[in-house]
Amino acid sequence: MRILITGGTGFIGTRIVEAARARGDEVRVLDSFRDDVHGGTPVLHPDVEVIRGDVRDAEVLDRALRGVDAVSHQAAKVGLGVDFADAPDYVSSNVLATAELLAAMRRARVGRLVLASSMVVYGEGRYTSSGSDHAVVPAARRRADLDAGVFDPRDPVTGELLLPGLIDEETPVDPRNVYATTKLAQEHLAGNWARETGGTVAALRYHNVYGPGMPRDTPYAGVASLFRSSLERGEAPRVFEDGGQRRDFVHVDDVAGANLAAVGWVGNAGDGVARAFNVASGHVVTIGEVAALLSDAASGPAPIVTGEYRLGDVRHITASAERAASEWGWRAQVEPGRGLREFATAPLRA
């Protein structure tokens, strides 16, 4: 099988390339080598064909898709961003680029797509009120509560604080920042393409991906990388809110494995199917626990809990990955306690 991996020289993309090669697939990479992602030219195996170009360029896409059986679309601008001034770049890099890719796949008659989506499409996670099993959609967190150190969301009717739980793929989506909106737009575009062309889409909703080779010292990196970068500078990790935010951290090698399993699924799922899958470890940890674990493993200074917050952040988001397990046999293999300890001293990307 020949797989085109967009963003194939990025953090996640390189691991998918390695895993696909190890499986015996023929791999082609399309990447723009953006300066805010790459601190130099990543080195891939010489038998990997690399096309340097932008996913928004129709001519480049037509060349990249020749003879391709499936696409793993990883190219994107990630993270919460600095401020709303980033919005045009997010929309162009994520939404327009995906539209161009899908149009080119239609021209090339390539009908299998694995799309890198994100947990951020859900907004806040699943919540219940005290004494009830019924899901409650939380109100947006109020600045007055956040300023007062009340970080958990409230029931929009009673005003009481809610209890967090696990989400599945049927949880209603509610994107609460620009990045989240663009990821959901990618899913919708891919669904439109599948219905019109008979193609098949697996939209992988990644949770907090971490591992060796994460980019360092950038506002667009994940929180694990920001903590790791602080420790490498000899500084204490700075934990926002009270550190009680619940997350699921999934290792990049597990994410690569999920992509290859999904490639097999899109080849057998039938025509015109677009389906979302959570890609998560299945282990709930708090941001404060992650910072403490990394500090301890790196023999660095203890984390500082700052009480700071960002309005675009959600409080709790953790997931069930049972759909991926039941439909294409994938489960994460790296437990976060072990993986994060190894990550504490692993190399980062400049």
Side-chain angles (χ1 to χ4, degrees), residues 1-6 12-13 15-16 19-20 22-25 68-74 76 98 101-102 105 110-122 125-126 135 165-174 183-209 247-284 317-336 339:
M1 176 180 289
R2 179 180 291 166
I3 304 174
L4 173 65
I5 303 173
T6 71
I12 296 173
R15 292 314 247 276
I16 300 173
R23 193 175 72 170
D25 294 320
V68 164
D69 300 301
V71 176
S72 174
H73 183 33
Q74 307 298 312
T98 300
L101 172 65
L102 293 168
M105 290 177 67
V110 177
R112 304 181 191 179
L113 174 66
V114 177
L115 172 67
S117 187
S118 172
M119 66 178 188
V120 296
V121 301
Y122 295 113
R126 183 182 187 275
L166 298 180
I167 57 171
D168 61 23
E169 293 85 353
E170 300 305 317
T171 301
V173 291
D174 182 20
K183 297 310 285 185
L184 184 57
Q186 286 182 299
E187 288 194 23
H188 286 321
L189 283 168
N192 298 153
W193 168 83
R195 284 186 291 274
E196 180 178 327
T197 67
T200 307
V201 180
L204 306 189
R205 292 174 175 172
Y206 299 160
H207 285 251
N208 290 71
V209 185
R247 295 291 189 271
D248 185 305
F249 282 77
V250 59
H251 195 277
V252 65
D253 288 342
D254 281 327
V255 173
N259 271 267
L260 295 192
V263 166
W265 181 84
V266 298
N268 296 292
D271 296 338
V273 177
R275 196 147 166 81
F277 297 89
N278 289 327
V279 174
S281 73
H283 296 270
V284 176
I317 178 76
T318 55
S320 164
E322 285 303 310
R323 177 179 286 182
S326 64
E327 296 194 17
W328 26 277
W330 175 87
R331 289 188 187 275
Q333 300 299 306
V334 182
E335 190 272 325

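By convention here, the first residue in the shown sequence is residue 1.
- Not a single donor-acceptor pair under 3.5 Å links the side chain of Asn259 to the backbone N or O of Val114.
- With a 4.5 Å cut-off on side-chain heavy atoms, Ile167 and Arg205 do not count as touching.
- Side chains of Asp248 and Thr318: a donor-acceptor N/O pair is absent below 3.5 angstrom, by distance only.
- Between Trp265 and Phe277, the angle of the ring planes goes over 60°, which puts this pair in the perpendicular group of the 30/60° scheme.
- For Leu113 against Trp193, the heavy-atom pair with the smallest separation is CB-CZ3, 4.2 Å.
- A side-chain donor-acceptor contact under 3.5 Å links Glu169 to the backbone of Asn278.
- In this structure, OG in Ser117 is found 3.5 Å from CD in Glu187, a value given to the nearest 0.5 Å.
- Among Leu189, Val110, Val201, the single residue meeting the side-chain contact (heavy atoms from CB on, under 4.5 Å) criterion with Leu102 is Leu189.
- Atom-to-atom distance recorded for Asp168:CG and Glu322:CD is 10.5 Å, nearest 0.5 angstrom.
- Across all non-hydrogen atoms, the minimal contact from Ser281 to Pro336 is OG-CG, 3.5 Å.
- A donor-acceptor contact under 3.5 angstrom links the side chains of His73 and Thr98, judged on distance only.
- Of the inter-residue distances, the one linking Ser72 atom OG with Leu115 atom CG reads 9.0 Å to the nearest 0.5 angstrom.
- Taking all atoms of both residues into account, the shortest heavy-atom contact from Val120 to Lys183 is CG2-CG, 4.3 Å.
- Arg331 places no side-chain N or O within donor-acceptor distance of the main-chain N or O of Gly282, the cut-off being under 3.5 Å.
- With sequence neighbours excluded, no residue forms a side chain to side chain donor-acceptor pair (under 3.5 Å) with His251.
- Annotation for Ile5 and Gln74: closest pair CG2-CG, 4.2 Å, computed over non-hydrogen atoms.
- Side chain of Trp330 to main chain of Asp254: a donor-acceptor pair is present (N/O by atom type, distance under 3.5 Å, no hydrogens or angles).
- In this structure, Thr200 contributes its side chain and Gly270 its backbone to a donor-acceptor pair below 3.5 Å.
- Here Ile3 contributes atom CD1 and Ile16 contributes atom CD1; the two are 9.0 Å apart, rounded to the nearest 0.5 Å.
- Under the 4.0 Å criterion applied to side-chain N and carboxylate O atoms, Arg15 and Asp253 are assigned as salt-bridge partners.
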